[in-house]
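Report on the following structure.
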Amino acid sequence: MRVLDSKDALRESLVELRRGGAETIALVPTMGALHEGHLSLVRAARSAADTVAVSIFVNPTQFGHDEGFATYPRALKRDCELLAAEDVAIAFAPSAREMYGGGEADVTVDPGPLGAVFEGASRPGHFAGVCTVVAKLFGLFAPDVALFGEKDYQQLLVIRRMVRDLDFPVRVLAVPTVRDTDGLALSSRNTALSPAEHTAALAIPRALADAGAAAERGERDARAIADEMRSALACAPGVEPDYADVVNPDTLEPLTALAADARAIVAASVGDVRLIDNAPLAAVPAASTPGAPR
Ligand code: AMP
């Protein structure tokens, strides 16, 4: 595996790989401090292309002030060991200076309305930072496929929209969320949780599981499900909820009636750590109520 920190070296390596027979390249953009969630993206990438590249870049432009850019976990050596064991061809880990040439980008990508709600409302500028860095990575790697986790569901939608609206010639593949055995979605940020905070954070997957159970029981009032999640999180000790809602899986519009593939989305802080999670809600079709024809 080549570990590269400059754009020039990356371009050269990509040319060499293509000359050497690489036909399809899959890119997995990450901020490092890798865990099994990232590795499931890498494994999906390996099935989707003959050559896998991973970027490791804690992108300053997607962090607001006081959003923990400086304290975000960094573990480059271990990350590279994990990626080498996964048969990754290139790990690209540039500095912020290398990515942005010393200043912030003058030209940025406007994420549009999908980037203005939920995470975008709570973290102004976040998705402009995400879209801009991902657009730069697409420009640098020219990948055939790029993989993103459903864990960051809104990010996945915003990137898909950017690819559609700006005609990036890349196929975006989504990978399901990988969870700890106790249900907490894996996140690089989890390492900053104390054991007590980790236990408190389990209120988040529990609220999502309860929402899923309500949907499976036949509850069709999406607002009631969202209210239930909000009050469960509000009552959870050590948890400071930001939002909890049941939304259309393509537009993120809050639903009143549960529709097929509705998505429950949650953001909450536990101590200093902001956590996000989401889950699909399987709406029971109206036709499956007892006695109704199937
Ligand atoms: P990050 O390093 O947190 O920016 O994440 C890089 C990529 O990994 C993003 O596409 C995330 O959605 C994805 N990812 C992060 N955590 C998980 C997880 N627990 N399961 C699946 N994908 C994840």
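Both ligands and their constituent atoms are indexed starting at 1 by order of listing. These numbers come from the heavy atoms of this one structure, side chains and all, not from hydrogens, waters or symmetry mates. Quick caveat, the model's predicted, so the values are computed rather than measured.
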*Give a yes/no on ligand 1: does A33 have at least one heavy atom closer than 4.0 angstrom to it?*
no
_Pairing of E86 and R43 as salt bridge, 4.0 angstrom limit_ = yes
_Proximal atoms of ligand 1 relative to L186 (non-hydrogen, under 4.0 Å)_ = 16 (N), 17 (C), 18 (C), 19 (N)
*Any salt bridge between D245 and R263, counting N to O under 4.0 Å?*
no
_Under a 4.0 angstrom heavy-atom cut-off, which atoms of ligand 1 come close to F148?_
10 (O)
*Would you say L82 and V178 are hydrophobically clustered, going by side-chain heavy atoms of ILVMFWY under 4.5 Å?*
no
*Which is it for H38 and ligand 1 at heavy atoms under 4.0 Å: side chain, backbone, both or neither?*
side chain
_atom 4 (O) of ligand 1: the protein heavy-atom neighbour that sits closest, reported with distance to 0.1 Å_ = M31 CG, 3.5 Å
_Joint cluster assignment, V170 & F141, ILVMFWY side-chain distance < 4.5 Å_ = yes
*Specify side chain, backbone, both or neither for L41, according to which of its non-hydrogen atoms lie closer than 4.0 Å to ligand 1.*
side chain
*Under-4.0 Å heavy-atom contact with ligand 1, by part of E150 that carries it*: neither
*Within the 6.0 Å centroid threshold, strictly below: F92 and F57*: no
*Hey, which atoms in ligand 1 end up nearer than 4.0 Å to a heavy atom of P29?*
6 (C), 7 (C)
*asked:* For atom 17 (C) of ligand 1, tell me which residue out of K151, Q155, Q62 has the closest non-hydrogen atom.
replied: K151
*asked:* Any nitrogen or oxygen of A185, side chain or backbone, less than 3.5 Å from one on ligand 1?
replied: no
*State the atoms of ligand 1, each with its element, that fall below the 4.0 Å cut-off from a heavy-atom position in G149.*
9 (C), 10 (O), 11 (C), 12 (O), 13 (C), 22 (N)
*Geometric N/O contact D152 with ligand 1, under 3.5 angstrom*: yes
*Linked, directly or transitively: V163 and V130 (ILVMFWY side chains, under 4.5 Å)*: yes
*Would you mind checking if R179 and D277 are paired as a salt bridge, meaning a charged N to carboxylate O distance below 4.0 Å?*
yes
*Under 4.0 Å from ligand 1, counting heavy atoms only, is it the side chain of P176, its backbone, both or neither?*
backbone
*Taking NZ, NE, NH1 and NH2 as the nitrogens, is one of them in R274 or E240 under 4.0 Å from a carboxylate oxygen of the other?*
no
*For a side-chain contact (heavy atoms from CB on, under 4.5 Å) with Q154, tell me which candidate from L114, V247, V117 qualifies.*
V117
*Considering only non-hydrogen protein atoms, determine which one is nearest to atom 20 (N) of ligand 1 and report residue, atom name and distance to 0.1 Å.*
V178 N, 2.9 Å
*Those residues that, when tested against D167, pass side-chain contact (heavy atoms from CB on, under 4.5 Å) (two or more places apart)*: none
*What do you reckon, does H35 put a non-hydrogen atom under 4.0 Å from ligand 1?*
yes
